[in-house]
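What follows is a single structure, written as structure tokens, with notes after it.
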Amino acid sequence: MPALSLHVSDSIATITFDMPEASLNTFSRAVQEEFVALFDRLERDDSIAGAVLISGKADNFIAGADIEEFLTWSTPQQAEQASRTGHAMLERLERLRVPVVAAIHGSCLGGGVEAALACAYRIATDHPRTVLALPEVQLGLFPGAGGTQRLPRTIGLQAALDMILTGKNIRARKAMQIGLVHELVHPAILHRIAVQRAREIADRVRARNPRARRRDAKALLLDDNPVGRALVFRQAREQVLKKTRGNYPAPLAALEAVAAGFQDRDHGYRVEARLFGEMAMTAESRELIGIFFASTALKKDSGVGEELVSPRAVHKLGILGAGFMGAGIATVAVQRGTIVRLKDADLARVGKGLASIREVLRAGVTRRRITRQQMDDQLLLAGGTVDYSGFGNVDLVIEAVFEDLHVKHKVLREVEAVLPPHAIFASNTSTIPITRIAEASERPERVVGMHFFSPVHKMPLLEVIVTRETAPEVTATVVAYGKQLGKTVIVVQDAPGFYVNRILAPYLNEAGRLIDGGAAIDAVDRAMLDFGFPVGPITLLDEVGLDIAGKSGAIFVEAFGDRLAPSSTLRRVVESGRLGRKGRQGFYLYDGKGKRGGVDASVYGFTPSGANRVEMDATEMQERCVLSMANEAVRCLEEGIVRSARDGDIGAVFGIGFPPFRGGPFRFLDAYGAARAVDRLEELNSRFSGRFVPADLLLHLARKGRAVSRRPNGWSVTQRTPA
Ligand code: NAI
């Protein structure tokens, strides 16, 4: 079945792009061939004077290249050739005898933008679903179908670099402002206006690809003058290096390709293709593409394997505890259209919770993500209470009360007395085993963990925790609902710390031990930022709250003994009563508004090594922290806490910010080498006895020379027994 269809009416052809059996349009090789054949026809057929390119999909114009095909390239030459093929196709589109008007509704990404740039005119719908972006950098690549050449010429150098280097979404109105599209229309008249414009251009009453917007004088001056451009490139390069710490090669390659285009047109395209080929082979790009596929696969994962159970719909949600997390969960729930009943102990707290929902929604209005009307509609979905009124018909209750087993048991018993029989009780606890919480339940098969991360509206991960008793239908329901809330969901087995916090513990502990051993606080953070984490571990401790870190530290020691014992510095800092950022006193100094300053040198008074700091090798610091984490992740796989290395990698990247270009702890171990990791762990264990004993599974895989990240599922929810 072809993806393109042609319909000619009154000398204007409408090309409808609608890939069969796919939700999105992509430029697969087969589609590119169809385009070329279609261009032949447009050239030959004299009865056609102009054309409109439109999508047959509801909310997608073109999603870009077919990323699966990227995996078939094994040499830079193959990827370079793919880029050249794209160049040739879009060059033909640009030079066609008949003008082609792009009629854009819905997402227009990557190759979609590049194709639109080669059209004679671009119209977009003024609709929230219409967004344009060049997200290639997020896959360790950059636009390779002429995007680095046509975009700067169309919207100016600075705006083009902003899109290419960040991959950010540009909404329709902004696209119009920056000159990316020529015109905005209501979706209902998109096709009609596009046909009209094609005819006007064919009749030469309208120019081909007119300058969409007059760029301001300053920007023009910079673009047109080599000295000005050099300045823009230098600043862009500095910004990239500051942000990526040199860990991502693609943005730098993109800058080089854009710059080459200013020297000479053909040279620009050649450099783009060559560098695209090189980038496609980088380890960074392979890992980022791996993450993309893993998270796509998780979107289709029911969480219960092959088991044939259907999730129940969650129409109404009850939330216990209107604090930080409860209000955060309520916010994302109303954003996705769920009716929410928010309960706390007194009205003041309920009011505070509701106010914080409003605050997040209002920020959406300010940023024009939603209209005021939408905000009001969403707010109407949330109601507050201090008793259990309104809980008689909820489908799901999420508990986010204090982290205290007695309080959790109390609210569980109370709410079960009023819940309908089908309702599910989910706990957002970060440390208490769900099995312990379920002990107070009359129906433990309907108890499950839903561990959200803070801030809930920003963090993409949801860890669903199942006990041996949790019914598969319950798991399927909370997984489906988690996805409805826009989260990437991993299902893990109940055990202290579950998965994400369990692997975070040895990492944070080791960071603390580096300070015990004399490393400077900021040197530890810097080493881990250089490794690619978004925040350093010591800053993270301050952010999470030192009281919370102390409590969870105690739970890990109880469960796993000295192997997961906190550093003596952390223990003593916690004992001193410092709370971290929320108390404006932690490892760092804070101003009255909570803005972080420099290191609080008085913390060194709590370290066994005293005020004198020693220079420690950054690689050694990174290895100690990261190998502890990765080794613990392997233990979790071995124990069946995570279902697969894939889930473990996604949990670490989306829950902790493990550097995505390294693919996650399991992929990292494969790149590092399992045998080398074992050697290094054993060497470290000889110096720091007990903390670096390699996991059995790691030893086994190292001996067999097998990849850690390819380890098949160790555990299936269906069996509900660890492998
Ligand atoms: P919080 O202290 O901000 O909120 C707890 C709320 O529960 C308070 O408003 C309190 O009044 C209310 N509450 C206490 N007893 C209650 C009862 N009997 N009925 C109704 N409401 C009651 O705490 P936060 O940070 O929101 O944590 C809540 C839960 O979420 C804890 O289990 C915590 O471990 C977990 N969690 C926290 C994360 C965080 O980053 N803060 C991350 C993930 C999970």
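Whatever order the structure lists ligands and atoms in, that order sets their numbers, starting from 1. It should be emphasised that the depicted structure is a prediction, and the values quoted were computed from it without experimental measurement.
- In Lys352, the NZ atom is not crowded: 12 or fewer heavy atoms of neighbouring residues, nucleotides or ligands sit closer than 6.0 Å.
- For Lys408, the heavy-atom gap to ligand 1 drops under 4.0 angstrom.
- Comparing heavy-atom distances from atom 2 (O) of ligand 1 across Phe402, Phe324, Tyr388 singles out Phe402 as nearest.
- Among all non-hydrogen protein atoms, the one lying nearest atom 33 (C) of ligand 1 is Glu403 OE1, 3.7 Å.
- Of all protein heavy atoms, the one closest to atom 19 (N) of ligand 1 is Lys343 NZ, 3.3 Å.
- The residue from Val479, Leu462, Asp647 that alone fulfils the side chain to side chain contact (heavy atoms under 4.5 Å, CB included) condition with Ile490 is Asp647.
- In Ala345, the part holding a heavy atom less than 4.0 Å from any atom of ligand 1 is the backbone.
- In terms of protein heavy-atom proximity, atom 4 (O) of ligand 1 is nearest to Gly323 CA, 3.3 Å.
- In Phe452, the part holding a heavy atom less than 4.0 Å from any atom of ligand 1 is the backbone.
- Between His451 and ligand 1, a contact under 3.5 Å exists for no N or O pair.
- Only the side chain of Val407 comes within 4.0 Å of ligand 1, judged by heavy-atom distances.
- Of the candidates Arg584, Arg581, Arg578, Asp600 forms a salt bridge (charged side-chain N to carboxylate O under 4.0 Å, His left out) with just one, namely Arg578.
- The nearest protein heavy atom to atom 21 (N) of ligand 1 is closer than 4.0 Å.
- In the vicinity of Ser454, heavy-atom distances shorter than 4.0 Å reach the ligand 1 atoms 40 (O).
- In this structure, the protein non-hydrogen atom closest to atom 5 (C) of ligand 1 is Ala400 O, 3.5 Å.
- Within the 4.0 Å heavy-atom criterion, the part of Val411 lying near ligand 1 is the side chain and not the backbone.
- A salt bridge links Lys408 with Glu403; the closest basic N to acidic carboxylate O contact falls under 4.0 Å.
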Report the C-alpha separation of Glu414 and Tyr388 in whole Å, then their side-chain angles, then the decisive distance to 0.1 Å, and conclude whether the side chain to side chain donor-acceptor pair (under 3.5 Å) test is met.
CA-CA 8 Å; Glu414 286 170 1; Tyr388 291 98; 2.6 Å; yes
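- On a distance-only criterion, Thr429 and ligand 1 share no N/O pair closer than 3.5 Å.
- At least one donor-acceptor pair under 3.5 Å links the side chain of Glu638 to the backbone N or O of Leu697.
- Atom 8 (C) of ligand 1 has its nearest heavy-atom neighbour, among Val401, Asp344, Ile329, in Asp344.
- Checked by atom type and distance alone, the side chain of Thr470 pairs as donor or acceptor with a backbone atom of Val447 at under 3.5 Å.
- In terms of protein heavy atoms, atom 30 (O) of ligand 1 is closest to Asn428 ND2, 3.0 Å.
- Side-chain N or O atoms of His409 include one that pairs as donor or acceptor with a backbone N or O of Arg436 at under 3.5 Å.
- In this structure, atom 26 (O) of ligand 1 lies nearest to the protein heavy atom Met325 N, 2.7 Å.
- Looking at Glu399 next to ligand 1, no N or O pair under 3.5 Å apart turns up.
- Closest approach of Val634 and Leu698 over heavy atoms only: CG1-N, 3.7 Å.
- For a threshold of 3.5 Å applied to N or O pairs, the pair formed by Arg349 and ligand 1 contains at least one separation below that value.
- The minimum heavy-atom distance linking Arg513 with Pro566 is given by the pair NH2-O, 3.6 Å.
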Please set out all donor-acceptor pairs under 3.5 angstrom arising from side-chain atoms of residues 655-666, sequence neighbours excluded.
unit_1, atom_1, unit_2, atom_2, d
Arg662, NE, Phe531, O, 3.0
Arg662, NH2, Phe531, O, 3.1

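- Of the possible polar contacts, none joining the Lys316 side chain to the Ile339 backbone as a donor-acceptor pair under 3.5 Å is found.
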